[in-house]
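Worksheet: the structure to be examined is printed underneath.
In what follows, residues are counted from 1 in the order of the sequence shown. Computed from heavy atoms alone, side chains included, the values below leave out hydrogens, waters and symmetry copies.
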Amino acid sequence: MMDKLFWITDKPINTNEVVELVVRREAGAINTFIGTVREFTKGKKTLYLKYEAYVEMAEKKLAQIGDEIQQKWPDAKTAIVHRVGHLDITDIAVVIAVSTPHRADSYEASRYAIERIKEIVPIWKKEHWENGQEWIGDQLEKKSYPSGKPEQEDLS
């Protein structure tokens, strides 16, 4: 069992372990978002993905997202884990668990978390298709990283 709430791992994610981190007597709702590797993206058949991260910064940014959720939904408790390395189709890439006293806040906070992960966390992926491969830049896919990693200015 992990003793922290936000981390990057190169091992398969145990969803129940992440959920257990946010279980509380005062919570009436736990929303769990599980992001998986899909087979088709924009008409291309994906064989597998490779995620890489600037781990220290990525974990700090995941914790920042937890702080932001705490400010917006003061009664929330959040845990987030993102996997890096080789992931096959249907593998779990990210798990977000948010507990709150009421369900609406839990849904909203979980959605907020995944959108913020794509905006600020330095995790990037290489897509391997049947007919090629490409490093995808930031998770919003607004900027490519031909070298496979962001430049220093991208990490500030």
Side-chain angles (χ1 to χ4, degrees), residues 1-42 44-129 133 135-141 148-150 155:
M1 176 64 114
M2 292 295 293
D3 59 348
K4 57 185 180 178
L5 297 173
F6 309 98
W7 74 98
I8 302 294
T9 183
D10 61 356
K11 307 284 189 284
I13 299 171
N14 180 329
T15 303
N16 290 336
E17 208 173 82
V18 181
V19 170
E20 284 298 318
L21 293 170
V22 301
V23 170
R24 304 172 292 146
R25 295 178 67 88
E26 63 272 28
I30 298 175
N31 187 289
T32 306
F33 174 82
I34 302 171
T36 60
V37 177
R38 67 176 168 262
E39 186 171 24
F40 287 94
T41 301
K42 299 177 184 173
K44 290 184 178 179
K45 184 175 181 176
T46 302
L47 300 176
Y48 65 93
L49 299 179
K50 183 177 179 189
Y51 282 97
E52 289 190 10
Y54 178 5
V55 174
E56 286 182 15
M57 180 175 277
E59 290 183 340
K60 287 180 183 174
K61 292 295 186 180
L62 292 177
Q64 176 186 325
I65 292 167
D67 290 344
E68 291 172 6
I69 288 171
Q70 193 70 47
Q71 290 174 1
K72 290 179 171 286
W73 297 275
D75 295 327
K77 184 172 183 181
T78 306
I80 305 171
V81 59
H82 201 295
R83 187 171 168 195
V84 293
H86 177 107
L87 279 75
D88 291 312
I89 305 304
T90 73
D91 280 353
I92 296 173
V94 61
V95 173
I96 300 166
V98 180
S99 66
T100 59
H102 304 285
R103 69 179 176 276
D105 288 345
S106 182
Y107 280 119
E108 291 171 22
S110 181
R111 173 71 185 258
Y112 179 85
I114 191 62
E115 299 303 331
R116 288 295 284 159
I117 288 171
K118 290 182 173 286
E119 288 173 357
I120 68 169
V121 180
I123 297 172
W124 50 99
K125 66 181 174 184
K126 188 172 190 177
E127 293 192 0
H128 294 263
W129 307 299
Q133 58 192 21
W135 278 103
I136 305 299
D138 64 319
Q139 292 202 50
L140 291 176
E141 299 182 18
K149 297 183 178 183
L155 297 174

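- Between Phe6 and Glu59, the closest side-chain pair of non-hydrogen atoms is not below 4.5 Å.
- Residue Phe33 is tested with Ile114, Val95, Ile117 for a side-chain contact (heavy atoms from CB on, under 4.5 Å); the sole match is Ile114.
- In this structure, Glu26 contributes its side chain and Pro101 its backbone to no donor-acceptor pair below 3.5 Å.
- Atom CD1 in Ile96 sits 7.5 Å away from atom CD1 in Ile65 (nearest 0.5 Å).
- In this structure, the separation between NZ on Lys61 and NE2 on His82 is 15.5 Å, given to the nearest 0.5 Å.
- Using a 4.5 Å cut-off on side-chain heavy atoms (C-beta onward), Ile8 and Ile123 make contact.
- With rounding to the nearest 0.5 angstrom, the OG1 atom of Thr36 is 8.5 Å from the CD1 atom of Ile34.
- Of the possible polar contacts, none joining the Ser110 side chain to the Val98 backbone as a donor-acceptor pair under 3.5 Å is found.
- Between the NZ atom of Lys77 and the CD1 atom of Ile30 there is a distance of 10.0 Å, given to the nearest 0.5 Å.
- Taking both residues in full, the closest heavy atoms of Lys50 and Trp135 are given as O-CZ3, 4.2 Å, listed atom of the first, atom of the second, then distance.
- Using a 4.5 Å heavy-atom cutoff, the side chains of Asp10 and Val84 are in contact.
- Within the structure, every pair that satisfies the salt bridge (Lys or Arg N to Asp or Glu O under 4.0 Å) test and touches residues 65-76, not counting sequence neighbours, is listed here: Glu68-Arg116.
- Note: Ile69 CD1 to Glu108 CD = 11.5 Å, rounded to the nearest 0.5 Å.
- Atom CD of Gln133 and atom NZ of Lys126 lie 4.0 Å apart (nearest 0.5 Å).
- Inter-residue side-chain proximity for Val121 and Leu62 is flagged as met; some heavy-atom pair is nearer than 4.5 Å.
- Relative ring orientation between Trp73 and Tyr112 is described as perpendicular, the plane-to-plane angle rising above 60° on a 0-90° scale split at 30° and 60°.
- Remark: the backbone N or O of Asn31 is paired with a side-chain donor or acceptor of Ser106 at under 3.5 angstrom.
- Scanning for side-chain contact (heavy atoms from CB on, under 4.5 Å) contacts around His102 gives an empty result, with sequence neighbours left out.
- Within the 4.5 Å cutoff, side-chain heavy atoms of Thr46 are placed close to those of Ile89.
- For the salt bridge (Lys or Arg N to Asp or Glu O under 4.0 Å) condition, the pairs that include at least one residue of residues 78-87, sequence neighbours left out, are Arg83-Asp91.
- Surrounding CZ of Arg103 are at most 12 heavy atoms belonging to other residues, nucleotides or ligands under 6.0 Å away.
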